[in-house]
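Throughout, residue positions are numbered sequentially from 1 according to the sequence presented. For clarity, every value in this text was computed on a predicted model and none was experimentally measured.
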Amino acid sequence: GAESTARHVGVSANLMRTASAPYTATGLRLTPSGGHRDLATTQRHWAIEGRAKQVLTGGSVFGDTSKARSTNHRRPLTLYEAQAPSSTGFGADQWAMTIDLDLCTGCSACVVACQAENNVPTVGRKGVLESREMHWLRIDRYVDDDGANRVAAQPMLCQHCEKAPCEYVCPVNATVHSDDGLNEMVYNRCVGTRFCSNNCPYKVRRFNWFDYNDELAETVRMVKNPSVTVRQRGVMEKCTFCVQRIRRAQIGAELAGASQTGPVVTACQQACPTHAIVFGSLTDPTSDVVRLAQDPRAFSALDDLGTMPRVRYLKRRSDASSRAADDAR
C-alpha cells in the first residue's frame, strides 16, 4: 500500500515546525552536506526527441491550422499489395487511435490508468535507476524552438504499425499482426531475445527482467486485473490497445446479434481528463477517430520510416490559430 511504499522515503519536515509558526519558517540556512544521491526519474528514459525533425511532421508539434496540411496519408513504396482487411469476424474492425496534443496537458493520468488496467509491474527506485521501468505508455516533452518557450506533451505508446518493424525480426513469431490491425504480443511464444525492442524506432517495448509479480503478497495480487495476463519474467510487454476490452465488446456484439462492435474505450482514453485520446474503428466512417485522423493537423510519428502507425497525433495550434479556434467556438 501507500504506507509501505513511502516508508523510509525522504525526510520529515515537521522538525522545522514550531507551535508558534507551524506553517512558516524563517532564518533557516542550507549547508551543503557533501553527500550525493541519484534522482530516480523516468523523464529522460527512452526519449526520442533528439530526432524531432523525423518524429514530427514539419519538425514541430506546433502548427498554424490556417496553413496546416496533412502530409502523411500516403502509403510507402512497396513491392507487395496491401493486405485486404477481413469483412467478417474480428477483422471487420480496424482499430486506431488519435491523440490531440492541443488538449494533452501531460498529467500522466493515462500512464497510471494503463499501469492499473494491464497489470504493469512497479520496479522500484533501483529498477528506475537502471532504466528498467515497465510503463507501456510514457509522456515525451517537446519545446518550441522559436523562443516562445511553449512545451508540448506527447504520449508515446505502441503505434500498432501496419508495417511493424518488430514483427519482421522476431524469430519465434511472438509479435504478430491481427486481422483487426493490432500488433499483438503472444507471451507464451516469447523467449526474450529483445530483437523486437532493438528494431522498434519508437522505443515503446519493455522487457520483463525479473518476476516482479512473484514478489508480491497475496493480498496485493488480489488487486490485479483478472482480465489481463500476469506476465512472468523474460518476456516483452507493450501497449495492446486494451485488447481485453476490445474482445469483450466484440463478443458482446456477437451474442447480441449486432451488425458491428459497439464503442470501445481504452483505459488511457477513459482516464484522460481533457478527452485528448480518441479510440475507435476505421471501418466506421462516422466515428470520431476517422474524422480526427483526417484533420489537417494530423501527423504520424516517424512517418518517413514507412511504418504506417495506427496512432495519429494532432499538432498543437500556434497561439494565433488557438485564439481563432476559441473564437470560432
Side-chain angles (χ1 to χ4, degrees), residues 1-2 4-9 38-48 108 110-139 156-161 164-178 182-247 266-268:
S4 61
T5 302
R7 188 177 295 125
H8 306 304
V9 176
D38 291 329
L39 180 63
T41 174
T42 62
Q43 187 66 63
R44 302 290 299 173
H45 294 178
W46 313 103
I48 55 175
S108 296
C110 54
V111 178
V112 177
C114 176
Q115 181 164 6
E117 171 75 16
N118 295 291
N119 300 331
V120 177
T122 302
V123 303
R125 181 175 183 274
K126 184 175 183 294
V128 170
L129 288 174
E130 295 174 349
S131 299
R132 289 178 175 173
E133 69 275 5
M134 298 295 297
H135 294 147
W136 290 3
L137 193 162
R138 70 174 188 268
I139 306 294
M156 181 56 64
L157 63 160
C158 175
Q159 303 289 292
H160 291 271
C161 309
C166 56
E167 296 177 4
Y168 306 142
V169 296
C170 180
V172 293
N173 208 31
T175 174
V176 293
H177 220 69
S178 70
L182 301 181
N183 177 248
E184 297 181 323
M185 267 303 307
V186 184
Y187 300 122
N188 288 343
R189 294 180 188 169
C190 182
V191 295
T193 63
R194 289 171 284 160
F195 293 164
C196 56
S197 181
N198 291 336
N199 220 40
C200 174
Y202 305 100
K203 300 308 173 191
V204 289
R205 306 177 75 91
R206 302 289 174 260
F207 183 65
N208 200 334
W209 288 90
F210 301 106
D211 198 352
Y212 299 104
N213 291 295
D214 186 55
E215 302 171 357
L216 300 178
E218 288 295 330
T219 53
V220 179
R221 293 183 188 181
M222 293 174 65
V223 306
K224 297 293 184 181
N225 186 351
S227 300
V228 180
T229 303
V230 177
R231 285 79 59 187
Q232 295 180 335
R233 67 175 301 181
V235 299
M236 296 301 303
E237 303 183 14
K238 66 168 194 68
C239 163
T240 64
F241 272 169
C242 288
V243 65
Q244 68 278 3
R245 297 190 177 196
I246 294 175
R247 298 295 178 249
T266 62
C268 56

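Of the residues listed (Asn183, Asn199, Asn173), the one engaging Glu167 in a side-chain hydrogen bond (donor to acceptor under 3.5 Å, both in side chains) is Asn183, and it is the only one.
Minimum heavy-atom separation, Ser108 to Ile139: OG-CG1, 3.7 Å. Nearest heavy atoms, Arg125 versus Asp38: NH2-O, 2.5 Å. Of all the heavy atoms in Leu129 and Ala40, the pair that sits closest is CD2-CA, 3.8 Å. Contact record, Ser227 with Gln244: O-CB, 3.7 Å, taken as the closest heavy-atom pair. Among all heavy-atom pairs drawn from Lys203 and Ser197, the shortest one is NZ-O, 3.1 Å. The two residues Asp211 and Arg233 make their nearest non-hydrogen contact at N-CB, 3.5 Å.
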Note to self: Apply side-chain contact (heavy atoms from CB on, under 4.5 Å) to residues Val169 and Asn198 and explain how you reach the verdict.
What the structure shows: CA-CA 9 Å; Val169 296; Asn198 291 336; over 6 Å; no
| request: Let me see the working for Gln115 and His135 under side-chain contact (heavy atoms from CB on, under 4.5 Å), right down to the final yes or no. | output: CA-CA 7 Å; Gln115 181 164 6; His135 294 147; 3.3 Å; yes
Exercise for the section: Take Met185 and Thr240, measure what side-chain contact (heavy atoms from CB on, under 4.5 Å) needs, and give me the verdict at the end. Expected result: CA-CA 8 Å; Met185 267 303 307; Thr240 64; 5.6 Å; no
task: Kindly determine whether Val123 and Tyr212 satisfy side-chain contact (heavy atoms from CB on, under 4.5 Å), including the steps that lead there.
output: CA-CA 7 Å; Val123 303; Tyr212 299 104; 3.5 Å; yes
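Not one N or O on the side chain of Arg206 forms a donor-acceptor pair closer than 3.5 Å with the backbone of Lys238. When atom types are taken as modelled, the side chain of Gln232 and the backbone of Val230 share no donor-acceptor pair closer than 3.5 angstrom. At distances below 3.5 Å, not a single donor-acceptor pair connects side-chain atoms of Asn118 with backbone N or O atoms of Val120. Between the side chain of Asn119 and the main chain of Lys224, no donor-acceptor pair closer than 3.5 Å is present.
Using a 4.0 Å cut-off between charged side-chain N and carboxylate O, Arg221 and Asp214 make a salt bridge. Salt bridge present: Glu117 and Arg245 bring a charged side-chain N and a carboxylate O closer than 4.0 Å.
Here SG of Cys268 is found 11.5 Å from CH2 of Trp136. Values are rounded to the nearest 0.5 Å. To the nearest 0.5 Å, the span separating CG on Asn208 from SG on Cys190 amounts to 9.5 Å. Atom-to-atom distance recorded for Met236:CE and Cys200:SG is 8.5 Å, nearest 0.5 angstrom. Taken to the nearest 0.5 Å, the CH2 atom of Trp209 stands 4.5 Å off from the CZ atom of Arg132. Between the SG atom of Cys110 and the CG atom of Leu137 there is a distance of 4.5 Å, given to the nearest 0.5 Å. Atom OH of residue Tyr202 and atom SG of residue Cys166 lie 10.5 Å apart, to the nearest 0.5 angstrom.
Applying the ring pair (Phe, Tyr, Trp, His ring centres under 6.0 Å) criterion to His160, with sequence neighbours excluded, gives Phe241.
In this structure the side chain of Cys239 never reaches within 4.5 angstrom of the side chain of Cys114, judged on heavy atoms.
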